[in-house]
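One structure is given here, and the rest of the page talks about it.
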Amino acid sequence: MSEPLETRYDPGANEEKIYKLWEKSGYFNPDKCIEDGVTQKEAEVFSIVLPPPNVTGNLHMGHAAMLAVEDILVRYARMRGKRTLWIPGTDHAAIATQSKVEKLIKKEEDKSRHDLGREEFLKRVNVFAKESHDTIVRQIKAMGASVDWSREAFTLDEPRSLAVRTAFKKMYDAGLIYRGNRVINWDPKGQTTVSDDEVVYEERKAKLYTFRYSKDFPIPVATTRPETKVGDTAVAVHPDDVRYKKYVGEEYDVEFAGVPLHIKIIADPAVDKEFGTGAVGVTPAHSHTDWEMAERHKLPLKQIIDEKARMMTPEVPALNGKKVLEAREFILMWLKENDLLLKEEETTQNVAAAERTGGIIEPLPKLQWFVDVSKQFDRETLKQMMRRVVTDGEIKIIPERFEKTYYHWIDNLRDWCISRQIWYGHRIPVWYRGEELYVDVDAPEDKGWEQDPDTLDTWFSSGLWTFSTLGWPNETNDLKTYHPTILLETGYDILFFWVARMILMTGFILDQVPFRTVYLHGLVRDEKGKKMSKSLGNAIDPLVMSEKYGADATRLSLIVGAAPGNDIKLSEDKIRGYRNFATKIWNAARFVLMNEPEGFDTAILKNWVPETKKDEGYLKELTDVKREVAEHIEKFELHLAAEKAYHYFWHTFADKIIEAQKPALKSGEEKDKLGSYVLLRKILEECLVMLHPFMPFVTEAIYRRIYPEGLLMVKKWED
RNA sequence: GCGCCUUUAGCUCAGUGGUAGAGCGUUCCGUUCACAUCGGAAAGGUCGUAGGUUCGAUCCCUACAAGGCGCACCA
């Protein structure tokens, strides 16, 4: 035994050093483990990707929780002798990053991206993304995550770009990607389309106006958006509605607020007889459901709102170019003046807003690229395939209840709009020359072609993540060895955005599932249950906590009491509590090592058999606890595993077993001293192994004191 | 409208078909050496409400209530 341990464990003085030691060993990389004989070549594989954090800034507690869960599973697998790969990376997060940088430039230089131009703007974004990336990497390391940095990837780097273009081409050739003029969600603020999943709804009070288009129009209709009514091409009623049956099929020409309208009366089951007047003014260009109705009834489409959310009514100069809210007032005035407004009542409506920019969504028709989720390929559609792999059990979702949520989402899924009018992202691999269109991985060689200016939805590239990180489209060994990955661990809030899209992309492209098990963790909230966010000022910074209490304590605070899929309420007190545990581990070790007999030889530990029934009982209990902890980890019940290990160490090992040995150690005969010491030493070392996945730094720090050349990280976890 | 979750000690949460546990907090006691970032002890719960199944329910079923969430509708 060399130097005695200090009375306290100092995370600040140890963590960085230990992480460097791990990195230097090369054992985050499974190839190196095999090379050095730490892992058997034929060993079972444990592979997992790190959900790539967005390069929009810092990591928050949610990321820390994710890193903690994954690192525990990864370290456990590695100590179990599995061929363990954890791939790190970052996500370019197209819209999120672009809008963040746009805001910064606006604030600092009062310029828009158009002032800078595409090339210069992208340079700026890249600089920002690089800085953000570096911060993220530092933070991942600070949390102790044992990821294989040699395989680090970025959703927008060259290998991933090739994967994206190849995937696009493959899907286009199969007819699963098409270009179509459809009503999409337009974000006037971000000046781009967004997918259905990027739309968030907020309930607001609104007025419902009941009116007639003109004096002699037979059916009154109700609306919350009178300004869109200049785009109506039909009035829809329910097929069984006796009030209106006689009008169905009739067509009327009216002049509404100076705009000539041609209105056809149609019958469609989508109409609710009870709502409003039971008749709907159909605006095919500015409503998803109306557009679908228009498709069914072959109605014309009349766009009257442009991309700036302004009116397009050249017939009425006074209205033309007005913002929608001003236009609403204008129409209401006109209705009142002409005595056509019948009723005005309070109602609540869900206002659709773009998730990233907060812009109020304006549905409008636009020529965009879509993934067709209802087209057959290989005897089924993407929708059916996504459903099948979960119902068949090829993919298991934990907690199971989210499987229902997943099915529900699939059943309501519409074609996925993948083109965005932003600059930061994967440029769509399509080129145009007049009427010609060219789709391929690389640009056409002859002249005159122009590439589509749009970029792809960021989730298109993240959807390929489990295999683009393994080298696809190249047939790499990594791909053969590690795909499908064993586990995907992520927050339930991106089940649709990401998990579902990965299943979709992988299912089509590789005819595989991307992962066997999906483990969904909850969101980290503050002690009052509020979602942590910078703007609310209630965010607890994982790095600050790690500096204050150690990464081990921060990790454990995010694990204990956090059942899968349930939100985690976190307070600084809790983190402090687990810092105390790290101290306890340190001091228990300190005590044991202080009592090491002169000239102690560690060889004795190997074949040591307890001499008393009591010691035998202690060892039995230890083995039981360790096995139970392992079982919990294997069932992804980390909260139970951590609590059990914690409880055993503190209240059994420290409180009872150590206390019981004190008399012998203090005043016993040499033989008893040795016996007691070996017992404690044995249990201590086993505990270090058992606790290492949860608290890697403090356990490794102690282990290095005992075995200066050893590495706990790759010590075998035996049964 | 469809669906999901939560409701257990002051707080945060575990948990089991046989009348409840942990951590933190609180109160009291303790500082001759592993640790006061500690140890010991104590107080504190009719396990949301009402029914049902059962020999027996906090745990199973039904209804209800409160809180939260997802999806759809939102004319």
Side-chain angles (χ1 to χ4, degrees), chain A residues 4-9 196-197 200-201 203-204 206 208-210 221-226 228-229 232 235-237 268 270-272 275-283 286-290 293 347-352 399-414 492-493 495-496 522-523 525 527-529 531 549-550 553 556-557 560-563 565-595 637 639-640 642-644 646-647 650-651 654-655 658-659 661-662 665-666 680 684:
Chain A
L5 273 60
E6 305 77 38
T7 57
R8 308 246 156 80
Y9 168 66
D196 294 342
D197 295 291
V200 290
Y201 294 92
E203 200 164 86
R204 285 192 200 165
L208 182 68
Y209 305 98
T210 306
V221 295
T223 183
T224 52
R225 296 196 61 187
T228 64
K229 297 293 103 182
D232 284 9
V235 163
V237 298
D268 194 289
V271 179
D272 178 0
F275 192 93
T277 60
V280 189
V282 183
T283 324
H286 299 288
S287 152
H288 287 101
T289 42
D290 289 9
M293 252 195 267
T347 182
T348 53
Q349 68 165 357
N350 283 328
V351 177
E400 206 178 314
R401 66 184 134 96
F402 281 102
E403 291 185 0
K404 265 189 185 167
T405 316
Y406 173 80
Y407 296 138
H408 193 98
W409 178 82
I410 291 176
D411 294 342
N412 287 301
L413 187 61
R414 286 189 289 211
Y492 65 74
D493 53 333
L495 177 61
F496 310 140
L523 308 180
R525 298 172 182 279
E527 48 216 309
K528 290 181 194 105
K531 194 172 173 175
Y549 304 110
L556 210 55
S557 73
V560 178
N566 287 355
D567 292 349
I568 307 155
K569 285 188 190 126
L570 185 69
S571 64
E572 196 168 331
D573 274 346
K574 189 172 176 187
I575 302 171
R576 195 182 306 124
Y578 292 112
R579 186 269 320 266
N580 296 353
F581 180 51
T583 309
K584 192 76 187 176
I585 298 172
W586 184 261
N587 273 293
R590 180 168 185 258
F591 176 79
V592 173
L593 298 173
M594 273 169 76
N595 286 287
E637 298 164 341
H639 59 305
L640 301 180
E643 200 169 323
K644 184 150 261 160
Y646 172 98
H647 205 265
W650 201 317
H651 300 301
D655 288 356
I658 288 185
E659 290 304 322
Q661 305 313 311
K662 279 184 177 174
L665 289 169
K666 287 230 160 71
L680 295 183
L684 173 68

Go through B:rA14, B:rC73, B:rA34 for me and flag the one nearest to the A:Asn566 side chain. B:rA14
Take A:Asp196 and A:Tyr209, find for each the nucleotide of RNA chain B with the closest heavy atom, and name the residue whose nucleotide sits nearer the 5' end. A:Asp196
Integer angstrom distance from the P of B:rG15 to that of B:rA9: 15 Å
Whole-angstrom distance between B:rU31 and B:rG21, as gauged at atom C1': 31 Å
Tell me what A:Gly577 touches on the nucleic acid: a base, only sugar-phosphate, or nothing, going by heavy atoms under 4.0 Å. nothing
Within 6.0 angstrom of A:Glu659 CD, more than 12 heavy atoms from elsewhere: yes
Among the nucleotides B:rC71, B:rC73, B:rA34, which one has an atom lying closest to any side-chain atom of A:Phe496? B:rC71
A:Asp573 side-chain proximity, nearest of B:rA72, B:rC24, B:rG39: B:rC24
Interatomic distance at C1', B:rG25 relative to B:rU19, whole Å: 28 Å
Checking base pairs now: Watson-Crick or wobble, both atom distances under 3.5 Å. What partners B:rC28? B:rG40
Per atom distances to the A:Asn580 side chain, the nearest of B:rC38, B:rG15, B:rC5 is B:rC38
What is the separation between atom CD on A:Gln349 and atom C1' on B:rC73, rounded to the nearest whole Å? 12 Å
Where the side chain of A:Leu640 is concerned, which of B:rG15, B:rC71, B:rA34 is the nearest nucleotide? B:rG15
If you measure from the P atom in B:rU12 to the same atom in B:rG68, how many Å do you get, rounded? 15 Å
In whole angstrom, give the distance that lies between atom OH of A:Tyr578 and atom P of B:rA22. 13 Å
Side chains of A:Phe402 and A:Leu495 in contact at under 4.5 Å (non-hydrogen atoms): yes
Quick one: which of B:rU37, B:rC4, B:rA34 gets closest to the side chain of A:Lys404? B:rC4
Between B:rA14, B:rC74, B:rU37, which nucleotide has the shortest distance from any of its atoms to the side chain of A:Thr583? B:rU37
Does A:Thr277 reach a base, just sugar-phosphate, or nothing at all? Heavy atoms under 4.0 Å. nothing
Answer yes or no: is there a donor N or O on one side and an acceptor on the other, between the side chain of A:Asp567 and the main chain of A:Gly522, under 3.5 Å? no
Rounded P spacing from B:rU26 to B:rG67 in Å: 31 Å
So does A:Trp650 get a backbone contact from the side chain of A:Lys584, meaning a donor-acceptor N/O pair under 3.5 Å? no
Closest heavy-atom pair, A:Val560 versus A:Glu643, reported as atoms and distance to 0.1 Å, is CG1-OE1, 4.0 Å
Nearest-Å distance for atom pair CG/P, residues A:Leu684 and B:rA34: 16 Å
Starting from the 5' end of RNA chain B, give me the residue, A:Val560 or A:Tyr646, whose nearest nucleotide shows up first. A:Val560
Under 3.5 Å donor-acceptor pair, A:Gln661 side-chain atoms to B:rA34 base atoms: no
Please classify the nucleic acid contact of A:Arg579 as base, sugar-phosphate, or nothing, using heavy-atom distances under 4.0 Å. base
Provide, to the nearest angstrom, the distance between the CD1 atom belonging to A:Ile410 and the P atom belonging to B:rC71. 14 Å
Quantified in whole Å, what is the P atom distance between nucleotide B:rC24 and nucleotide B:rA66? 36 Å
In the strands shown, is B:rG51 matched to any nucleotide by a Watson-Crick or G-U wobble pair with both distances under 3.5 Å, and which? B:rC61
Side chain of A:Arg8 (C-beta onward), nearest among B:rU37, B:rA72, B:rA14: B:rU37
Write down the partner of B:rU6 under the Watson-Crick or G-U wobble criteria, each distance required to be under 3.5 Å. B:rA66
Output the single nucleotide from B:rG39, B:rA34, B:rC73 whose closest atom is nearest the side chain of A:Trp650. B:rG39
Report yes or no: does A:Asn587 contribute a side-chain atom to a donor-acceptor pair with the main-chain N or O of A:Arg8 at less than 3.5 Å? no
In whole angstroms, how far is the C1' atom of B:rG68 from the CG atom of A:Leu523? 12 Å
Can you measure A:His651 atom NE2 to B:rC35 atom C1' for me and round it to whole angstrom units? 14 Å
Sugar-phosphate only, base, or nothing, as touched by A:Val592 at under 4.0 Å among non-hydrogen atoms: nothing
Classify A:Ala563 by what it touches in the nucleic acid, base, sugar-phosphate, or nothing, heavy-atom distance under 4.0 Å. sugar-phosphate
Atom CG of A:Leu413 and atom C1' of B:rG70 are separated, to the nearest Å, by 15 Å
Across the strands shown, which category fits A:Ser287 at heavy-atom distances under 4.0 angstrom: base, sugar-phosphate, nothing? nothing
Scan every strand shown for a Watson-Crick or G-U wobble partner of B:rA14, both distances under 3.5 Å, and answer none if you come up empty. none
Validation row: A:Lys662, A:Phe591 side chains within 4.5 angstrom (heavy atoms): yes
When you get a sec, tell me which of B:rG70, B:rG15, B:rA22 is the closest nucleotide to the side chain of A:Thr405? B:rG70
Is the backbone of A:His286 close enough, under 3.5 Å, to the side chain of A:Thr283 for a donor and an acceptor to pair up by distance? no
Using atom C1' in both nucleotides, what's the gap between B:rC35 and B:rG48 to the nearest angstrom? 42 Å
C1' spacing across the pair B:rC2 / B:rU8, given as an integer number of angstrom: 30 Å
Once you round it to whole Å, what is the distance between P of B:rG15 and NZ of A:Lys644? 11 Å
Report the base-pairing partner of B:rC73 (Watson-Crick or G-U wobble, both distances below 3.5 angstrom), or none. none
